[in-house]
Amino acid sequence: MDNNAWEKVEIARDIERPTSLDYIENIFDNFIELHGDRDFAEDGAIVCGIASLNNKNYTIIAEQKGRNTKENIIRNFGMPNPESYKKAIRIMKQSEKFKRPVITFIDTKGAYPGIGAEERGQGQVIAKSIETMSSLKVPTISYVIGEGSSGGALAIGVADRVVMLENSIYSILSPEGYSSILWKDASLKKEAAEKMRLTAKDLYDLKVIDNILYEPNGNAKTDIIEMSNSIKKDIIQSMKDLMQMKKEVLLENRYNKYRIIGGE
């Protein structure tokens with residue numbers, strides 16, 4: 001059996017894989033991070049801020065993992081609490097007010113499933129984030145740079161354009177979770193990965209995403225500068241097209257895009 005899908009899962013999870021902040025540093029100028037949900041707390045699993053590219057300002061919303069235990073504790077292992085999504089919603093609304101396009105970077109195992117997160121309305125705030133992003137009157141692009149799992153990813157992925165890096169994955173849950181639910185056996189994760197069609201090629205063929213960005217030497221960690229430049233070129237070209245659209249057309253196209261993906 002071809003385990004190509006599982007190999008991509010392992011690459012997507014590689015601790016040395018470039019993170020959102022790595023790309024932000026190498027793509028944008030003058031990044032200013034904005035903190036807090038104005039309600040409960042600051043959560044480090046999602047980084048929000050303002051940055052410029054080619055003298056144009058953008059809003060950045062990015063899921064961030066750590067590379068060691070200390071960083072992962074600060075970033076909650078890249079699994080956002082409700083406060084992260086509430087912060088993202090606040091910054092999305094701000095971007096609309098100031099007419100700044102939104103760029104999101106997706107890289108999460110999923111939203112944090114802890115009791116406290118559920119008590120503070122994790123499911124509801126994910127739904128609100130999806131609703132807010134789907135109705136934004138500014139152009140949006142989402143980049144899946146590593147893992148893109150479950151509602152934790154979709155919450156900041158309802159964009160005009162969705163792009164995946166070659167070795168990233170995007171799915172409803174992890175292969176381990178899929179195999180545990182379907183076959184009651186988490187050890188069948190490799191078989192699950194194949195059946196889930198979670199690779200960039202699978203999702204491009206299914207028309208779920210709009211483009212694949214190929215990685216230098218087959219792995220983004222080998223040359224972060226080249227990978228960053230590839231993303232930068234995609235942002236510039238895509239925004240050139242999106243910015244020409246009237247907001248009514250932008251919203252209609254986004255609505256139709258996700259209606260078709262949803263199979264209606």
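Between Lys56 and Asp29 there is no salt bridge, since no side-chain N of the basic residue sits under 4.0 Å from a carboxylate O of the acidic one. Between Asp160 and Lys257, none of the side-chain N atoms (NZ, or NE/NH1/NH2) sits under 4.0 Å from a carboxylate O, so this pair counts as no salt bridge. Ion pairing between a basic and an acidic side chain is recognised when a charged N comes within 4.0 Å of a carboxylate O; Arg13 and Glu176 show such pairing. Using a cut-off of 4.0 Å between Lys/Arg side-chain N and Asp/Glu carboxylate O, Lys93 and Glu96 are scored as not salt-bridged. Salt-bridge check for Glu147 with Lys109: failed, with every basic side-chain N at 4.0 Å or more from each acidic carboxylate O. A salt bridge does not link Lys87 with Asp37: none of the charged nitrogens is closer than 4.0 Å to a carboxylate oxygen.
No donor-acceptor pair under 3.5 Å is formed between the side chain of Asn219 and the backbone N or O of Thr222. Looking at Asp210, its side chain does come within 3.5 Å of a backbone N or O of Val162 through a donor-acceptor pair. Proximity of a side-chain donor or acceptor of Gln237 to a complementary backbone N or O of Lys232 within less than 3.5 Å is not detected. No donor-acceptor pair closer than 3.5 Å links the side chain of Glu131 to the backbone N or O of Ala127. In this structure, Tyr85 contributes its side chain and Gly152 its backbone to a donor-acceptor pair below 3.5 Å. Checked by atom type and distance alone, the side chain of Asn72 pairs as donor or acceptor with a backbone atom of Gly66 at under 3.5 Å. The backbone N or O of Val125 sits nowhere less than 3.5 Å from a side-chain atom of Ser129 that would complete a donor-acceptor pair.
Between Arg17 and Leu165 there is a side-chain heavy-atom pair separated by less than 4.5 Å. Looking only at side-chain heavy atoms (C-beta outward), Phe40 and Arg120 come within less than 4.5 Å of each other. Within the 4.5 Å cutoff, no side-chain heavy atoms of Val158 are placed close to those of Leu136. Using a 4.5 Å heavy-atom threshold, the side chains of Ile235 and Ile103 count as touching. At a threshold of 4.5 Å between non-hydrogen side-chain atoms, the residues Pro82 and Gln124 do not count as touching. No side-chain heavy atom of Thr108 sits less than 4.5 Å from a side-chain heavy atom of Ser149. Taking 4.5 Å as the limit, some side-chain heavy atom of Leu213 sits within range of a side-chain heavy atom of Asn211. When side chains are defined from C-beta on, Leu206 counts as touching Arg197, because their heavy atoms get closer than 4.5 Å.
Listed here is the closest heavy atom pair of Tyr112 and Met79: CB-O, 3.5 Å. Among all heavy-atom pairs drawn from Arg75 and Val47, the shortest one is NH1-CG2, 3.5 Å. Listed here is the closest heavy atom pair of Val102 and Val138: CG2-CG2, 4.2 Å. Nearest approach of Met133 to Ser142, heavy atoms of both residues: CE-OG, 3.7 Å. When all heavy atoms of Cys48 and Phe31 are compared, the closest pair comes out as O-CZ, 4.0 Å. In terms of heavy-atom proximity, Ala192 sits nearest to Ser179 at CB-CB, 4.0 Å.
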For Thr199 and Asp202, run side chain to side chain donor-acceptor pair (under 3.5 Å): C-alpha distance rounded to whole Å, both residues' side-chain angles, the deciding distance at 0.1 Å, then the answer. CA-CA 5 Å; Thr199 70; Asp202 288 330; 3.0 Å; yes

Would you sort out whether Gln64 and Asp107 count as a side-chain contact (heavy atoms from CB on, under 4.5 Å), showing the intermediate values? CA-CA 7 Å; Gln64 177 66 25; Asp107 188 16; over 6 Å; no

Output, in order, the C-alpha distance, side-chain angles, deciding distance and verdict of salt bridge (Lys or Arg N to Asp or Glu O under 4.0 Å) for Glu83 and Lys86. CA-CA 5 Å; Glu83 297 72 56; Lys86 288 162 75 175; 5.3 Å; no

Go through Glu194 and Trp6 one step at a time and tell me if the side-chain contact (heavy atoms from CB on, under 4.5 Å) criterion holds. CA-CA 7 Å; Glu194 293 295 331; Trp6 180 251; 5.5 Å; no

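Rounding to the nearest 0.5 Å places CD of Glu63 at 12.0 Å from CG of Asn76. A distance of 10.0 Å separates CD in Glu33 from CD1 in Ile91, rounded to the nearest 0.5 Å. The line from NZ of Lys190 to CG of Asn4 is 12.5 Å long, rounded to the nearest 0.5 Å.
Shown here is Phe77, whose CZ atom has more than 12 heavy atoms of other residues, nucleotides or ligands within 6.0 Å. Crowding of Ile225 atom CD1: a count of heavy atoms from other residues, nucleotides or ligands under 6.0 Å exceeding 12.
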Using atom types as modelled, flag every donor-acceptor pair under 3.5 Å from a side chain in residues 238-253 to any protein atom, sequence neighbours excluded.
| residue | atom | partner | partner atom | Å |
| --- | --- | --- | --- | --- |
| Ser238 | OG | Arg161 | NE | 2.6 |
| Ser238 | OG | Asp234 | O | 2.8 |

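For the pairing with Met164, the side chain to side chain contact (heavy atoms under 4.5 Å, CB included) check across Val144, Val208, Ile145 returns one residue only, Val144.
With sequence neighbours excluded, the residues that form a side chain to side chain contact (heavy atoms under 4.5 Å, CB included) with Arg100 are Ile50, Asn57, Thr59, Gln94, Ser95, Phe98.
Ring orientation note: the planes of Phe105 and Tyr23 are close to parallel, at an angle under 30° on the 30°/60° scale.
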